[in-house]
Number of protein chains: 2
Amino acid sequence: MRKSLSSATPVRTRDPERTKGQILEAALSEFASNGFDGAKVHQIAQRAGCNARLIYHYFESKERLYTAALSRIYSEIRAREDELHLDTLPPEHAIKRLTETTFDFFESNTAFLAITRSENLLGGRFIAQVPEIQKMSTPFLDKISDVLTRGHAEGAFREGLDPLQLYVSIVALSAHHINASHTLSATFGCDVSGKEWRQHRRRHVVEMIRSAVTAVESTL
Amino acid sequence: MRKSLSSATPVRTRDPERTKGQILEAALSEFASNGFDGAKVHQIAQRAGCNARLIYHYFESKERLYTAALSRIYSEIRAREDELHLDTLPPEHAIKRLTETTFDFFESNTAFLAITRSENLLGGRFIAQVPEIQKMSTPFLDKISDVLTRGHAEGAFREGLDPLQLYVSIVALSAHHINASHTLSATFGCDVSGKEWRQHRRRHVVEMIRSAVTAVESTL
DNA sequence: AAAATAATTCAATTTTCATTTACTTAACCG
DNA sequence: CGGTTAAGTAAATGAAAATTGAATTATTTT
């Protein structure tokens with residue numbers, strides 16, 4: 001019934017690790033550019049340079065592949081947080097550095113925001129299954145909290161700053177123009193993805209965070 | 001060949017305007033909750049309480065329906081901007097009001113951010129076709145610019161503030177926790193959609209924008 | 001009131017796409 | 001080496017979903 005596979009078939013050298021890796025890479029960029037529903041399994045296979053069947057061989061389903069991509073992305077951001085070493089810097093520098101590296105991370109790691117967006121569109125269907133997510137938050141927020149406390153002790157920072165609110169703000173200010181680049185560009189008739197615009201924005205964001213934490217002369 | 005339609009069929013009262021409206025409403029919420037690829041035409045029809053064929057009758061295709069939904073959403077935000085009347089308020093109040101109403105708008109108009117997110121995921125494929133988009137930006141930015149100029153003239157605001165950067169920041173701070181509610185909640189182990197969290201955030205955002213525009217004692 | 005128009009329905013048709021079946025063969029293991 | 005395992009391939013399957021065909025009838029027009 002089925003045509004015998006002729007010897008003319010181009011043969012792929014066997015290498016499970018490489019194949020798995022290529023699939024994950026391809027999945028990452030496909031899910032990033034098209035979201036979960038928009039991404040096509042065959043397209044991912046093609047980009048990985050392998051047969052679509054292999055995706056099922058190694059990842060079982062589109063959903064699992066997506067979850068794997070999600071995990072990968074969160075490992076990266078976690079690694080970045082570990083490298084920050086906020087505790088070794090004077091408070092003002094620590095906050096500046098946190099802001100700048102966050103801003104730069106989103107700019108260079110385009111997949112993070114894109115996949116995150118897709119996951120939020122899905123209503124967070126898969127995020128809970130990502131092991132990396134569990135152990136992230138608290139230690140990192142504690143580090144920020146330490147910086148804020150130090151800064152206030154020195155009289156440089158204002159009192160009662162909330163580390164979570166502050167960090168969410170840093171992320172928001174650094175991410176929104178990337179997340180919404182197309183609609184923003186269309187709305188304001190400028191190219192917010194352009195190099196100059198982004199440099200301009202970077203300065204604005206850094207200054208904004210600085211002024212949010214800096215103590216003001218007593219306004220009594 | 002085809003079975004004659006029996007008289008037992010429940011008959012829908014004919015009313016093109018109502019039907020069109022219901023379809024658009026349904027489309028809005030379907031596209032908002034599932035994005036373009038995730039939304040299903042039959043589901044939209046069902047929610048609109050009509051036959052799926054009517055969607056093609058009135059809107060020609062899924063893509064056109066999506067574009068119509070996009071237009072609708074942008075009309076709303078445009079209308080809101082017109083109602084702000086920033087010019088009648090003292091500068092500090094104007095900025096505060098702009099911040100608060102932006103924040104509140106996103107919270108109550110959940111469809112706007114959701115559809116915007118979908119459109120950005122699609123790489124801005126349709127936004128250019130939306131007529132409402134063309135005439136938005138500049139007049140509104142001019143109004144903000146006026147407020148900033150007035151504020152600086154009074155000595156209340158700092159010099160050289162960029163209206164576009166400021167407005168993008170207001171939007172970013174007001175939108176990010178909604179756009180990314182699921183991943184943020186998972187990451188930080190708290191419910192950023194909860195009422196208290198949002199109220200807390202609102203205060204934080206307002207204060208942040210205030211401190212960004214307020215003039216500081218000369219740091220010479 | 002007859003004819004024309006267009007709103008509406010049901011059931012195809014067609015497309016797209018995730019997933020599977022059935023097979024082939026390279027690489028490893030004794 | 002011979003045999004087993006698992007990596008890989010091509011093509012089919014089947015379900016979901018977009019789109020269309022063709023008939024029906026409410027409403028409007030003349």
Side-chain angles (χ1 to χ4, degrees), chain A residues 1-27 30-31 33-69 118 122 125-126, chain B residues 1-27 30-31 33-69 118 122 125-126:
Chain A
M1 200 73 60
R2 198 179 287 270
K3 192 179 74 177
S4 144
L5 301 182
S6 78
S7 54
T9 345
V11 186
R12 182 187 169 84
T13 327
R14 296 186 177 197
D15 184 342
E17 287 314 310
R18 183 196 43 152
T19 302
K20 239 185 285 190
Q22 286 174 335
I23 290 174
L24 193 55
E25 279 307 311
E30 275 294 302
F31 285 130
S33 12
N34 304 311
F36 180 76
D37 287 307
K40 308 304 168 197
V41 171
H42 273 87
Q43 179 64 33
I44 294 173
Q46 185 163 28
R47 207 190 271 226
C50 77
N51 192 285
R53 186 65 180 83
L54 291 180
I55 290 176
Y56 293 89
H57 188 40
Y58 291 115
F59 293 92
E60 180 164 352
S61 71
K62 187 184 181 183
E63 293 201 352
R64 298 250 183 184
L65 177 59
Y66 175 82
T67 307
S118 161
L122 292 176
R125 228 190 307 167
F126 301 110
Chain B
M1 199 74 62
R2 197 177 287 270
K3 191 179 75 179
S4 144
L5 302 183
S6 77
S7 54
T9 348
V11 185
R12 183 188 168 82
T13 327
R14 297 187 173 194
D15 185 343
E17 288 314 311
R18 183 199 43 156
T19 302
K20 240 185 285 189
Q22 286 173 335
I23 291 174
L24 193 55
E25 279 307 312
E30 274 295 301
F31 285 130
S33 16
N34 305 311
F36 180 76
D37 287 304
K40 308 302 170 200
V41 171
H42 272 88
Q43 178 64 32
I44 294 173
Q46 185 162 24
R47 205 188 273 224
C50 77
N51 193 283
R53 186 69 177 80
L54 291 179
I55 289 176
Y56 293 90
H57 186 46
Y58 291 115
F59 292 92
E60 179 164 354
S61 69
K62 187 184 181 183
E63 294 201 351
R64 299 253 184 182
L65 177 59
Y66 175 81
T67 306
S118 161
L122 291 176
R125 231 192 302 168
F126 303 107

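Sequence lines set the chain letters: A, B, ... in the order given, protein chains first and strands last, and positions in each chain run from 1.
- Residue-level contact check: A/Ala39 touches the backbone only, with heavy atoms under 4.0 Å from sugar-phosphate atoms and none from bases.
- Put simply, A/Arg12 has a side-chain N or O that comes within less than 4.0 Å of OP1 or OP2 on D/dG8.
- If you measure from atom CZ of A/Arg53 to atom C1' of C/dC17, you get 15 Å, rounded to the nearest angstrom.
- Remark on DNA chain C: of its neighbouring residues A/Asp37 and B/His57, the 5'-side contact belongs to B/His57, judged by nearest-heavy-atom nucleotide.
- When rounded to the nearest whole Å, the span between CG of B/Leu54 and P of D/dT24 equals 18 Å.
- For the OP1/OP2 pair of D/dT20 and a distance below 4.0 Å, the side-chain nitrogens and oxygens of B/Tyr56 include no atom meeting the criterion.
- Both B/Gln43 and B/Thr13 lie close to DNA chain D; mapped to their nearest nucleotides by heavy-atom distance, the more 5′-ward contact belongs to B/Gln43.
- Counted within 6.0 Å of CZ on B/Arg47, heavy atoms from surrounding residues, nucleotides or ligands total more than 12; the atom is thus considered enclosed.
- Going from atom CZ of B/Arg64 over to atom P of D/dT19 covers 12 Å, rounded to whole Å.
- An OP1 or OP2 oxygen of D/dA6 is reached within less than 4.0 angstrom by no side-chain nitrogen or oxygen of A/Tyr58.
- Atom CG of A/Asn51 is separated from atom C1' of C/dA22 by 13 Å (rounded to the nearest Å).
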Side chain to side chain donor-acceptor pair (under 3.5 Å), that's the test. Do B/Ser118 and B/Tyr66 meet it? Break it down for me.
CA-CA 10 Å; B/Ser118 161; B/Tyr66 175 81; 3.3 Å; yes
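- One atom, CG of A/Asp15, and another, P of D/dT9, lie 12 Å apart when rounded to the nearest Å.
- Under the 4.5 Å side-chain criterion, counting only non-hydrogen atoms from C-beta, A/Phe31 is in contact with A/Ile44.
- With rounding to whole Å, B/His42 atom NE2 is found 17 Å from D/dA15 atom P.
- Following rounding to the nearest Å, B/Phe59 (CZ) and D/dA18 (C1') show an atom-to-atom distance of 17 Å.
- For the pair B/Phe36 CZ and C/dT16 P, the computed distance is 13 Å after rounding to whole Å.
- A sub-4.0 Å separation between OP1 or OP2 of D/dT19 and a side-chain N or O of B/Ser61 is absent.
- To the nearest 0.5 angstrom, A/Thr19 atom OG1 is 11.0 Å from A/Ile55 atom CD1.
- Distance alone, capped at 3.5 Å, is enough to place a donor-acceptor pair between the A/Asp15 side chain and the A/Arg18 backbone.
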